[in-house]
Amino acid sequence: MMLAQIIPLGASFVLIAVALATGRTDFAAIIGTTATISGLATLINVGVGIGTLRDLAETHADPARVADAIASNLRLASAVSFIVVAISAATGLALTSASPSGSVLVVALWVALVVQLPANILSSHTSVLAAAFQHLGREKDNLTITLTRSLIGLALGLAVVLLIPSPILAIALQSTLASLMVIAMLWERRRRLLRAGIRVRVLLAPDFSPRRIGDRVLNSLDGAVFMVLFMVAQLVAASISAEVAAQVAAGVALCRTVIIPLKMVGQTAGRMTLQDRGREPAYRAASYGVVGIFVVPLALSLILLSAFGLSPVGDPVLGLLIALQLLLEPFSGSLFAYMKVTFGARAGLLGLILTYLVLAPAALIVCRFTAPSAVGLWAALLLVRLLFSVANLAALRTLLRSQLHPTTRPK
């Protein structure tokens, strides 16, 4: 399932890299900004997927209970869709207010948000069905569906980047393609579940249960805050220059391609821990190793490319900083997802608030005036990610101790 998330995010990064390589920095910034807003929805839906996995783990493979759990989460997905659309619109309004009047970036952004409305509405439902595939051990189906979608999307996207000179027309075509692909993926996943004997009705009356919605939001809060921070970094970068905005957009796309899918490693290890608590240390250690297998070669490759002046994000020093950030992933995004599945939605919440909601905005503002460059802004992001990793390890230690020595309440 991790590969099923890497592929579409990687396609987005390729489009931005090609736009940068061909000198279309304005188009690269537009693609990067709209992709970051879409990434906010993606990360909220990661929380929907985690909640679905937890519910399915309690069905004990009973087909009737599995179908009920999927239906219950699809109703919840209908409610979460309102949140996804509202966040996208609020982010668009924030970007509009922070940009010059008549900015091409703002016009293109609103074109994308309107055309991608079907994709944003149905993305939560797609996450529920993808989690159902994972629970049923059908990750190969997820990969096949996503690979087909991404190869078609990448081919058409490259044609748009290379052949359509107008940024607004190009982003309109890209957004139309995104909506059609989400609808096609949802239909195909439903068709395969029906063939597996699980009846699925996708569009159900929404369940606006505050507790269940809050649980899903908390499950994905680190990713959502992370993407909001990336959006703020892109806004700050755009206030410096188009070149800095394009470099930061490329860095965001690269990190998004790696970080979001690697959360699935933590989710999977957490699901296995729920099934066998006695092997918690082994499953957690395995998650560190799997994430390391991915990020260490990638970070070394990025360092080598930057050393030879071939950095995919434009600036060699920026490439080095991103490589260092990727090496933190076993203890940041993946570990946070593991704690969410294993210990509940509030696990690690304090560290997230302190690093991303308190320290991060202050660090970006300071860097805007003291080091107004892509490297300066990313140095702040790297520091925040390091402290977030330390906070996760501290929270994990506390949670494990509380399990060994549970607090007894007086009767």
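Below, all heavy atoms of this structure are taken into account, side chains as well, without hydrogens, waters or symmetry copies. The first residue of the sequence shown is numbered 1, and numbering continues consecutively from there.
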> Would you find a donor on one side and an acceptor on the other, under 3.5 Å apart, between the side chain of Thr342 and the backbone of Met339?
Replying inline: no
> Tell me, do Leu396 and Phe336 make a side-chain contact under 4.5 Å, heavy atoms counted?
Replying inline: no
> Is there any salt bridge (charged side-chain N to carboxylate O under 4.0 Å, His left out) pair reaching into residues 124-134, and which pairs are they, with sequence neighbours excluded?
Replying inline: none
>> Just so I know, are the side chains of Leu382 and Leu328 near enough to count as touching, which here means a heavy-atom distance under 4.5 Å?
In response: yes
>> Test: ring pair (Phe, Tyr, Trp, His ring centres under 6.0 Å). Region: residues 170-217. Which pairs qualify, not counting sequence neighbours?
In response: Phe82-Phe208
>> My understanding is that only residues two or more places apart in sequence, or in another chain, count here; which of them pass ring pair (Phe, Tyr, Trp, His ring centres under 6.0 Å) with Tyr283?
In response: none
>> Counting C-beta onward and ignoring hydrogens, is there a side-chain heavy-atom pair between Leu113 and Leu117 closer than 4.5 Å?
In response: no
>> Looking at Thr176, is its backbone amide N or carbonyl O close enough to the side chain of Ser179 to form a donor-acceptor pair, meaning the two atoms are under 3.5 Å apart?
In response: no
>> Determine whether a donor-acceptor pair (N or O, by modelled atom type, separation under 3.5 Å) exists between the side chain of Ser306 and the backbone of Leu302.
In response: yes
> Rounded to the nearest 0.5 Å, how far does CG of Leu386 lie from OG1 of Thr355?
Replying inline: 10.5 Å
> For Arg191, which residues count as a salt bridge (charged side-chain N to carboxylate O under 4.0 Å, His left out) partner, sequence neighbours excluded?
Replying inline: Glu188
>> For Val115 versus Ala172, what's the shortest heavy-atom pair and its separation?
In response: CG1-O, 4.0 Å
> For the side chain of Ser81 and the backbone of Ile121, is there at least one donor-acceptor N/O pair under 3.5 Å apart?
Replying inline: yes
> In chain order, what residues pass the side chain to side chain contact (heavy atoms under 4.5 Å, CB included) check against Leu357, with sequence neighbours excluded?
Replying inline: Val225, Ile353
> Is it true that the side chains of Ser334 and Tyr288 contain a donor and an acceptor less than 3.5 Å apart?
Replying inline: no
>> Quick check: closest heavy atoms across Ile70 and Ala132, and the distance to 0.1 Å?
In response: CD1-CB, 3.7 Å
>> Using every non-hydrogen atom in the two residues, find where Leu93 and Trp110 come nearest and quote the distance to one decimal.
In response: N-CZ2, 3.6 Å
> Measuring from Leu354:CG to Leu387:CG, what's the distance to the nearest 0.5 Å?
Replying inline: 10.0 Å
> Is a side-chain donor or acceptor of Asn392 paired with a backbone partner of Ser332 at a separation under 3.5 angstrom?
Replying inline: yes
>> Is it the case that the side chains of Gln247 and Trp378 hold a donor-acceptor pair, with the cut-off being a distance below 3.5 Å and no angle test?
In response: no
> side chain to side chain contact (heavy atoms under 4.5 Å, CB included) with Ala299: which residues, sequence neighbours excluded?
Replying inline: Ala323, Leu327
>> For residues 119-136, which residue pairs pass the salt bridge (charged side-chain N to carboxylate O under 4.0 Å, His left out) check, not counting sequence neighbours?
In response: none
Only distances under 3.5 Å count here; give the side-chain donor-acceptor pairs of residues 289-297 to other protein atoms, sequence neighbours excluded, each with its distance to 0.1 Å.
none

> Of all heavy-atom pairs between Cys367 and Leu377, which one has the smallest distance, and what is that distance?
Replying inline: CB-CD2, 4.2 Å
> What residues, two or more places apart in sequence or in another chain, satisfy side chain to side chain contact (heavy atoms under 4.5 Å, CB included) together with Leu186?
Replying inline: Leu122, His125, Thr126, Leu129, Val202
> Can Gln116 and Ser175 be said to form a side-chain hydrogen bond (donor to acceptor under 3.5 Å, both in side chains), step by step?
Replying inline: CA-CA 5 Å; Gln116 286 187 22; Ser175 300; 3.2 Å; yes
>> Can you give me the closest heavy-atom contact between Leu318 and Ala374, atom names plus distance?
In response: CD1-O, 3.9 Å
> Between Leu381 and Leu364, is a side-chain contact (heavy atoms from CB on, under 4.5 Å) present by the stated rule, with each step listed?
Replying inline: CA-CA 8 Å; Leu381 295 177; Leu364 284 175; 4.3 Å; yes
>> Looking at every heavy atom in both Tyr338 and Gly270, which two are closest together, and how far apart are they?
In response: CD1-N, 3.5 Å
>> Is there a side-chain contact (heavy atoms from CB on, under 4.5 Å) between Phe343 and Leu400? Walk through the geometry before answering.
In response: CA-CA 9 Å; Phe343 301 106; Leu400 292 174; 3.9 Å; yes
>> Going by side-chain hydrogen bond (donor to acceptor under 3.5 Å, both in side chains), name the residues that satisfy it together with Arg190, two or more places apart in sequence or in a different chain.
In response: none
> Does a side-chain heavy-atom distance below 4.5 Å link Ile213 with Leu76?
Replying inline: yes
>> Side chains of Gln325 and Leu320, heavy atoms from C-beta outward: is any pair under 4.5 Å?
In response: no
> Which residues satisfy the side chain to side chain contact (heavy atoms under 4.5 Å, CB included) test with Ser373, sequence neighbours excluded?
Replying inline: Val375
>> Suppose we screen for salt bridge (charged side-chain N to carboxylate O under 4.0 Å, His left out). Which residues come up paired with Asp55, at least two apart in sequence or across chains?
In response: Arg212, Arg216
